[in-house]
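Right, one structure below, let's go through it.
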Amino acid sequence: MAKKGDMLYAWTNDADIKKHAELGGAVTALWKHALDSKVVDAVLVVKKGTDLYDAQPALITKSADLKDTAGSLHCGTLLLAKLIHKFLDGAEHMKLGVTVKGCDMMGMYELAKRKQINLDNVIMIGVNCGGSVSPVTARKMIADKFGVDPDKVHKEEIDKGQFIIEYEGGHKGISVDELEEQGYGRRTNCRRCKLKIPRQADLACGNWGVIGDKAGKATFIEVCSEKGANLVSGAIKAGLLATEAANPKGLEIRAKVENAMMKLGDKWRQKDFAGLGEGKDRLKKIMAETSRCIKCYSCISACPICYCVDCTTKNPAYVTPGQLPPNFMFHLIRFAHIADSCVNCGQCQELCPAEIPNALFMHAQQVELEKMFGHTPGISMELPLLALVEEKEERARLANTGSDMIYENVFNPVAKK
Ligand code: FAD
Ligand code: SF4
Ligand code: SF4
Ligand code: SF4
Ligand code: SF4
């Protein structure tokens, strides 16, 4: 039986899942077991839409529908946490399984600590993540750098530092470093991301560390919680999953790769943040870039930290209605409210029609705050800096005091008076 802390190679015995899976099909087999045994009512996963570059969320309630959701979509830049909050009542009324990348998982924690997602009702299977590529960039990169019609590509993967495509008539790989030097490759927030193995999920699955005869055929599973251990044990008992202890050499390799990815993340942080300048220069740069804003609210709507019913950016006292671009206060409000909790998921940048590097600005600020106060968002239920997370009480405080500060001043805590 599996237990917390186990490091396993795992593969499914289900031929149909095996055919569609990225590696050993462990993730999909585990979801099949969870649905069939009614451990969950539904699973939220990502599946291919009209083409490889179109990742769509799918809520699956019948295990027969799972096979279409197996496989990794590296152009899948969705954030599932916000969808659970928006469309599934934060899993308050259902037992939900969800496949999460690091950023999905961090978004889950940020919403859970604000009582917008009920993690008691959620099982998270994490997938290691080296990064994802924006669909528009992927199409352009494949046409320009690979010289291949993006519509002729039937498979893409990122393996051993290369972005690899399979297309009608062949396959080709180009080093991700080389692509990124030329402005292609992973999203910029992914380059800075240091959450590569999502250990705060119940299981962390991936291919790093799978060596020998199991390479490419098994999924590496790190068992991160009792919930995760029970799920693995149940799937083994049901005959859906086979496992063996991970090769110790494989463990070493996995740790080395993770370490190298951390260093790469640091390198990109240094480069990207240095490009913003410091102090007044940074402010000027942010003001210049955000002057393109068309106030479409996509950044707010997609951000896992923004969930307020009455968003302060809609308060005419701060942001003049009908004015474009909005006055800078629109952006300052977001910085003030969420910079301590930004999980660098990239959504506010990915979905900005004005191509404003919002995630870069917010992440740069988050990292400064982390250095100052030691709070790392997205990895635990630790409350964010200065933030009051009890929304009802906070709204009552706002009404009672006439204050419009979403953050309580710790030096003068009005709410507790
Ligand atoms: P399967 O049984 O094939 O199931 C895959 C699951 O992933 C399904 O539930 C599917 O819906 C979900 N999924 C697919 N695309 C996405 C997406 N974009 N966002 C959220 N969920 C998705 N492993 C590593 O060890 N190193 C890496 O660098 C690495 N990078 C990855 C990058 C991305 C963008 C993704 C999605 C995965 C990455 N993985 C990486 C994990 C690896 O590709 C496999 O997903 C994992 O090993 C599980 O394999 P499996 O055969 O058990 O999964
Ligand atoms: Fe993966 Fe991190 Fe990018 Fe999310 S932000 S897609 S976890 S690399
Ligand atoms: Fe402005 Fe971009 Fe946000 Fe839209 S997504 S409100 S354009 S910053
Ligand atoms: Fe993600 Fe942007 Fe919100 Fe940060 S500010 S959590 S990058 S959407
Ligand atoms: Fe986000 Fe602040 Fe608006 Fe709430 S009030 S949705 S935290 S910008």
Side-chain angles (χ1 to χ4, degrees), residues 10-12 17-18 20-32 43-48 55 57-58 60 66-80 97-104 114 125-133 157-161 186 190 196-197 204-210 217-221 241 254 257-258 261 289-290 292-303 305-315 324-326 330-331 333-338 341 347-358 361 387 391 406:
W11 57 96
T12 184
I17 295 178
K18 202 178 266 179
H20 294 87
E22 185 69 13
L23 295 155
V27 174
T28 308
L30 287 161
W31 288 144
K32 178 172 164 53
V43 295
L44 182 63
V45 285
V46 172
K47 70 171 192 181
K48 195 174 107 181
I60 306 289
L66 275 172
K67 63 172 177 7
D68 300 331
T69 73
S72 298
L73 293 168
H74 297 93
C75 304
T77 56
L78 307 168
L79 194 82
L80 298 176
V98 51
T99 310
V100 291
K101 303 179 296 303
C103 50
D104 293 309
R114 290 165 172 79
I125 301 188
V127 287
N128 299 350
C129 187
S132 56
V133 183
E157 61 177 325
I158 300 180
D159 191 28
K160 296 191 184 71
R186 299 168 301 160
C190 292
K196 297 294 156 188
I197 301 184
C205 301
N207 61 347
W208 289 334
V210 185
K217 296 187 195 121
T219 310
F220 191 112
I221 302 184
L241 199 69
R254 180 172 179 262
V257 178
E258 186 184 16
M261 292 301 289
E289 290 269 4
T290 52
R292 295 197 300 276
C293 175
I294 57 165
K295 208 167 65 167
C296 68
Y297 298 106
S298 287
C299 47
I300 294 171
S301 160
C303 177
I305 324 293
C306 282
Y307 66 88
C308 307
V309 183
D310 299 319
C311 177
T312 312
T313 62
K314 292 188 179 162
N315 182 337
L324 287 184
F330 177 88
H331 302 280
I333 290 168
R334 253 172 64 76
F335 283 128
H337 292 182
I338 61 179
S341 299
Q347 296 298 310
C348 55
Q349 187 161 331
E350 177 80 5
L351 299 173
C352 177
E355 298 190 350
I356 299 168
N358 288 307
F361 300 154
E391 192 182 359
I406 200 165

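Computation of the quantities below employed the complete heavy-atom set of this structure, encompassing side-chain atoms and omitting hydrogens, waters and symmetry-equivalent molecules. Order of appearance sets the numbers: ligands from 1, and atoms from 1 within every ligand.
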Quick one: does Ala26 get an N or O within less than 3.5 Å of an N or O on ligand 1? yes
Tell me: protein heavy atom nearest atom 7 (S) of ligand 3, and distance? Ile294 N, 3.4 Å
Report the C-alpha distance between Ile338 and Cys303 in whole Å, list the side-chain angles of each, state the deciding distance to 0.1 Å, and finish with yes or no for side-chain contact (heavy atoms from CB on, under 4.5 Å). CA-CA 9 Å; Ile338 61 179; Cys303 177; 3.8 Å; yes
For Lys295 versus Pro326, what's the shortest heavy-atom pair and its separation? CD-CB, 3.7 Å
Could you identify the single nearest non-hydrogen protein atom to atom 24 (C) of ligand 1 and state the distance to 0.1 Å? Asn207 OD1, 2.6 Å
Which ligand 1 atoms are under 4.0 Å away from a heavy-atom of Glu22? 3 (O), 43 (O), 51 (O)
For atom 1 (Fe) of ligand 3, what's the nearest protein heavy-atom neighbour? Residue, atom name and distance, please. Cys293 SG, 2.3 Å
Do the side chain of Lys18 and the main chain of Trp11 share a donor and acceptor less than 3.5 angstrom apart? no
Return yes or no for this condition: an N or O of Leu23 is under 3.5 Å from an N or O of ligand 1. yes
Which residue holds the protein heavy atom closest to atom 52 (O) of ligand 1, what is that atom called, and what is the gap in Å? Thr219 OG1, 2.8 Å
Can you list the atoms of ligand 5 that are under 4.0 Å from a heavy atom of Arg334? 8 (S)
If you count the atoms of ligand 5 from 1 in the order shown, which ones are under 4.0 Å from a heavy atom of Thr312? 3 (Fe), 5 (S)
Polar contacts were defined as any N/O atom of the residue lying under 3.5 Å from an N/O atom of the ligand; does this apply to Ala70 and ligand 1? no
Atom 4 (Fe) of ligand 5 contact by Cys311, N, O or S atom under 2.8 Å: no
Looking at ligand 1, does any of its N/O atoms fall within less than 3.5 Å of an N/O of Thr77? no
Any heavy atom of Val127 under 4.0 Å from ligand 1? The part involved is side chain
Just go through Leu78, Val45, Thr69 and tell me whose heavy atom is the nearest to atom 8 (C) of ligand 1. Thr69
Hey, what do you get for CD1 (Ile294) to CZ (Arg292), rounding to the nearest 0.5 Å? 11.0 Å
Any idea which protein heavy atom is nearest atom 9 (O) of ligand 1, and the distance to it? Thr99 OG1, 2.9 Å
Can an N or O of Gly131 be found at a distance shorter than 3.5 Å from an N or O of ligand 1? no
If I take every N, O or S atom of Cys306, is at least one of them less than 2.8 Å from atom 3 (Fe) of ligand 5? no
If the cut-off is 2.8 Å, does any N/O/S atom of Cys296 fall short of it from atom 4 (Fe) of ligand 3? yes
Of all protein heavy atoms, the one nearest atom 2 (Fe) of ligand 3 is Cys352 SG, 2.3 Å
What residue and heavy atom of the protein are closest to atom 11 (O) of ligand 1, and at what distance? Val46 O, 2.7 Å
Taking Asp104 as the fixed residue, which of Val46, Leu80, Thr99 is the one that meets the side-chain contact (heavy atoms from CB on, under 4.5 Å) rule? Leu80
Atom 33 (C) of ligand 1 [closest protein heavy-atom partner, distance rounded to 0.1 Å]: His74 CD2, 3.6 Å
Taken to the nearest 0.5 Å, the spacing of Trp31 CH2 from Ile125 CD1 works out to 4.0 Å
Who's closest to atom 18 (N) of ligand 1 heavy-atom-wise, of Ile125, Leu73, Ile60? Leu73
Report, in ascending order of atom number, the atoms of ligand 3 lying under 4.0 Å from any heavy atom of Ser298. 5 (S)
Geometric N/O contact Trp208 with ligand 1, under 3.5 angstrom: yes
What is the minimum heavy-atom distance between Cys352 and Cys348, and which atoms define it? CB-O, 3.4 Å
Name the closest protein heavy atom to atom 29 (C) of ligand 1, giving the residue it belongs to and the distance to 0.1 Å. Asn128 O, 3.3 Å
Applying side-chain contact (heavy atoms from CB on, under 4.5 Å), run through Leu23 and Phe220 and close with a yes or a no. CA-CA 9 Å; Leu23 295 155; Phe220 191 112; over 6 Å; no
Is Gly71 in polar range of ligand 1, meaning some N or O pair under 3.5 Å apart? yes
Provide, to 0.1 Å, the distance between atom 3 (Fe) of ligand 3 and the closest protein heavy atom, together with that atom's residue and name. Cys299 SG, 2.3 Å
Start with the C-alpha gap between Thr290 and Phe330, add the side-chain angles, then the distance that decides, and say whether side-chain contact (heavy atoms from CB on, under 4.5 Å) holds. CA-CA 10 Å; Thr290 52; Phe330 177 88; over 6 Å; no
In this structure, atom 8 (S) of ligand 3 is nearest to the protein heavy atom Asn358 ND2, 3.4 Å
Which residue owns the protein heavy atom closest to atom 48 (C) of ligand 1, what's the atom, and how far is it? Val27 CG2, 3.6 Å
To the nearest 0.5 Å, atom CD1 of Ile300 lies from atom CG of Leu351 at 13.0 Å
For atom 42 (C) of ligand 1, which candidate among Ser72, Ala10, Gly126 holds the nearest heavy atom? Ser72
Does Glu157 reach the main-chain N or O of His74 with its side chain, forming a donor-acceptor pair under 3.5 Å? no
Please report whether ligand 1 has a polar contact with Gly25, defined as an N or O pair separated by less than 3.5 Å (distance criterion only). yes
I'd like to check whether Gly76 has a polar contact with ligand 1, where a contact means an N/O of the residue lying under 3.5 Å from an N/O of the ligand. yes
Looking only at atom types and distance, does a side-chain atom of Lys196 sit under 3.5 Å from a main-chain N or O of Cys129, one as donor and one as acceptor? yes
Which bit of Lys101 is near ligand 1, meaning a heavy atom under 4.0 Å away: side chain, backbone, both or neither? side chain
Closest approach of any protein heavy atom to atom 1 (P) of ligand 1, naming residue and atom: Thr28 OG1, 3.4 Å
For Gly130, the ligand 1 atoms whose distance to one of its heavy atoms is below 4.0 Å: 27 (C), 28 (O), 29 (C), 30 (N), 31 (C)
Between OG1 of Thr77 and CD of Gln349, what distance do you get to the nearest 0.5 Å? 11.5 Å
